[in-house]
Participant: 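Before we start, here is the structure in question, set down as structure tokens.
Every chain is numbered from 1 and lettered A, B, ... according to where its sequence line falls, protein lines coming before strand lines.
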Number of protein chains: 2
Amino acid sequence: MKRERGERPIKPRIPEKTVTRLSIYLRCVEAFIADGMSTVSSQQLAERFGLNSALVRKDLAYFGQFGVRGLGYYTEGLKQNLERILGLNQEWGVALVGLGNLGSALLNYRGFQQRGFRISVVFDTDASKVGRRIGSIPVCHVEKIVPILKRRRIKMGIITVPAGAAQAVADQLVTTGINAILNFAPTQLTVPKGVKVQNVDLSVMLKTLSFYTSRSSRVTRAR
Amino acid sequence: MKRERGERPIKPRIPEKTVTRLSIYLRCVEAFIADGMSTVSSQQLAERFGLNSALVRKDLAYFGQFGVRGLGYYTEGLKQNLERILGLNQEWGVALVGLGNLGSALLNYRGFQQRGFRISVVFDTDASKVGRRIGSIPVCHVEKIVPILKRRRIKMGIITVPAGAAQAVADQLVTTGINAILNFAPTQLTVPKGVKVQNVDLSVMLKTLSFYTSRSSRVTRAR
DNA sequence: TAGATTGTTAATCGATTAACAATC
DNA sequence: TAGATTGTTAATCGATTAACAATC
């Protein structure tokens with residue numbers, strides 16, 4: 001990224017696919033560290049997922065020059081850089097909305113806590129659940145989302161309510177100034193531009209699998 | 001798709017993104033049917049997700065000429081075509097491997113049954129779970145995957161075991177001739193070419209959200 | 001027939017890959 | 001120094017969009 005003296009640095013838009021791959025590189029670097037390697041090349045990183053090494057270098061180069069020519073990347077340094085870039089060097093308070101089967105499973109999911117994601121409040125509409133505590137986490141009524149979240153510094157929400165209720169919940173979360181939503185409801189959420197939504201649509205994924213399954217059965221039969 | 005007499009029809013490779021969108025079009029068409037509409041245009045479909053109408057037409061045109069010029073698509077006909085294309089006009093037997101929190105949640109998840117996905121056998125290694133039945137669904141030991149699945153016509157598997165065990169489970173599923181795997185373990189599975197894997201990597205998704213959250217906090221602070 | 005909308009080709013855009021000078 | 005590997009530019013590839021003839 002060469003530029004003349006006095007020019008502003010150009011901030012290139014970072015493709016979402018790059019961000020997704022950063023997490024994967026991080027996981028991979030951690031594996032290399034566990035194997036006792038102190039450096040790793042873009043080629044070695046790429047091989048683990050069938051990616052191109054130039055892509056790995058390009059992805060990393062969006063954020064700085066982390067490598068050493070002729071040597072590769074120091075695993076420890078790369079790990080720390082990736083954690084910093086991904087915002088994993090801090091704790092995130094998370095609100096979970098919807099304490100059904102899926103919500104309960106996520107609440108118990110170790111993967112969250114491990115990476116500094118703390119579900120610190122849960123919301124539901126079911127009177128038999130509201131008012132209880134799960135461990136130290138209070139279960140509150142969905143109507144209280146705005147007042148409760150305004151008092152806390154929570155920037156991420158997880159939606160595990162039925163499709164019909166999801167948009168209303170998202171609207172409330174947005175009102176409280178949340179930045180990111182992980183949405184498990186099978187519906188397209190409409191949110192303002194600054195809010196990032198990740199959809200985990202099991203129903204769409206299953207249909208995609210169904211497509212490929214019926215295709216390969218068809219091919220098999222045809223032979 | 002014009003071609004000379006006698007030429008073979010060219011089967012274009014269908015982009016995975018197209019397949020994903022088909023499921024979304026189906027959901028949308030169902031909503032339009034519920035609203036009592038008998039036809040729908042590519043423009044109307046596109047608007048619901050901020051897509052381009054040409055993309056909708058192109059996606060559908062991979063599979064045939066379903067539309068009527070000047071009119072649009074008959075909602076009922078399109079629904080049936082999409083269901084046929086996606087293989088949703090039949091039941092799929094599904095094997096679930098891993099009866100932890102997430103596995104249990106999926107087992108209870110209504111969305112599966114609704115679309116003809118029947119989890120008909122569950123596998124785990126935990127001696128306290130193996131041998132039990134959940135409703136009519138038997139819980140068997142993971143060691144029995146190959147003999148049990150060989151006797152049944154199961155073409156899809158869901159993996160909800162820890163990352164370390166996932167590849168071994170995938171290998172076993174592949175041995176039984178499975179076509180598609182929905183993988184919740186945070187690890188890259190290696191499978192033969194004919195097998196389709198959909199990864200649902202919660203850990204990667206959370207990290208992506210964390211990236212955007214910390215970015216927008218940074219931007220906010222900078223102002 | 002006039003208006004609308006498809007199916008499809010050509011243009012555009014964005015992401016991936018190849019290639020290579022810089023440099024450890 | 002010679003070999004290796006980065007960071008980056010240019011070429012390629014694939015997906016999206018614009019445009020429009022075909023046609024209901």
Participant: Think B/R57 has a side-chain N or O under 4.0 angstrom from the OP1 or OP2 of C/dG7?
Facilitator: no
Participant: What is the separation between atom CG on B/L45 and atom C1' on C/dT6, rounded to the nearest whole Å?
Facilitator: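 Spelled out: CG on B/L45 to C1' on C/dT6 is 13 Å.
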Participant: Give a yes or no on whether the backbone of B/K79 and the side-chain of B/E30 come within a donor-acceptor separation of less than 3.5 Å.
Facilitator: no
Participant: With distance as the sole test, does A/T160 use its side chain to make a donor-acceptor pair with the main-chain N or O of A/G98 at under 3.5 Å?
Facilitator: yes
Participant: What integer distance in Å separates A/R21:CZ from C/dA15:P?
Facilitator: 9 Å
Participant: Counting just side-chain N and O atoms, does A/Y73 come under 4.0 Å of either OP1 or OP2 of D/dG7?
Facilitator: yes
Participant: Could you check how far NZ of B/K17 sits from C1' of C/dT16, rounded to whole Å?
Facilitator: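 My rounded result for the distance is 13 Å.
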Participant: Taking the side chain of B/Q65 as heavy atoms from C-beta outward, which of C/dC24, C/dA18, C/dG7 is closest to it?
Facilitator: C/dG7
Participant: Which nucleotide in the list C/dT16, D/dT16, D/dA18 gets nearest to the side chain of B/A54?
Facilitator: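 The answer is D/dA18, which lies nearest to the side chain.
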Participant: Mind calculating the distance between CG (B/L78) and P (C/dT6) to the nearest angstrom?
Facilitator: 11 Å
Participant: Assign B/S42 to base, sugar-phosphate, or nothing according to its heavy-atom contacts below 4.0 angstrom with the strands shown.
Facilitator: sugar-phosphate
Participant: Check whether A/F49 forms a cation-pi arrangement with A/R21 (NZ or CZ under 6.0 Å from the six-membered ring centre, at most 45° off the ring normal).
Facilitator: no
Participant: Does any donor-acceptor pair link the side chain of B/R69 with the base of C/dT5 at a separation under 3.5 Å?
Facilitator: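 Answer is no: no donor-acceptor pair is held.
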Participant: So, B/R115 and B/E83, do they make that salt bridge, N to O below 4.0 Å?
Facilitator: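 Yes, charged N to carboxylate O under 4.0 Å.
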Participant: Just by distance, do the side chain of B/R152 and the backbone of B/A95 share a donor-acceptor pair under 3.5 Å?
Facilitator: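 Checking the backbone N and O of B/A95 against the side chain of B/R152, no donor-acceptor pair under 3.5 Å is found.
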Participant: Tell me: CD of B/Q43 to P of C/dG7, nearest whole Å?
Facilitator: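 From B/Q43 CD to C/dG7 P: 15 Å.
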Participant: Taking atom C1' of C/dT6 as reference, at what distance in whole Å does atom CD of B/Q44 sit?
Facilitator: 14 Å
Participant: Rounded to whole angstroms, how far apart are CG on B/D59 and P on D/dT16?
Facilitator: 7 Å
Participant: Would you sort out whether B/S23 and B/R27 count as a side chain to side chain donor-acceptor pair (under 3.5 Å), showing the intermediate values?
Facilitator: CA-CA 6 Å; B/S23 311; B/R27 185 180 291 159; over 6 Å; no
Participant: Which is more 5' along DNA chain C, the nucleotide nearest B/V40 or the one nearest A/K58? Just name the residue.
Facilitator: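 Upstream on the strand: B/V40.
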Participant: Report the stems of DNA chain D as range-with-range entries sorted by first number; a stem here is at least three consecutive pairs, Watson-Crick or G-U wobble, both distances under 3.5 Å, and write none if there are none.
Facilitator: C:3-24 with D:3-24
Participant: If you check the B/P15 side chain, which of D/dT17, D/dA15, C/dT16 turns out closest?
Facilitator: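 The nucleotide sitting nearest to the side chain is D/dA15.
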Participant: Tell me: CG of B/L51 to P of D/dA18, nearest whole Å?
Facilitator: 13 Å
Participant: Does the pair A/S210 and B/W92 meet the rule for a side chain to side chain donor-acceptor pair (under 3.5 Å), with working shown?
Facilitator: CA-CA 8 Å; A/S210 166; B/W92 294 111; 3.0 Å; yes
Participant: Would you mind telling me which residue lines up with the more 5' stretch of DNA chain C, A/L55 or B/G64, judged by nearest nucleotide?
Facilitator: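 Its nearest nucleotide being more 5', the pick is B/G64.
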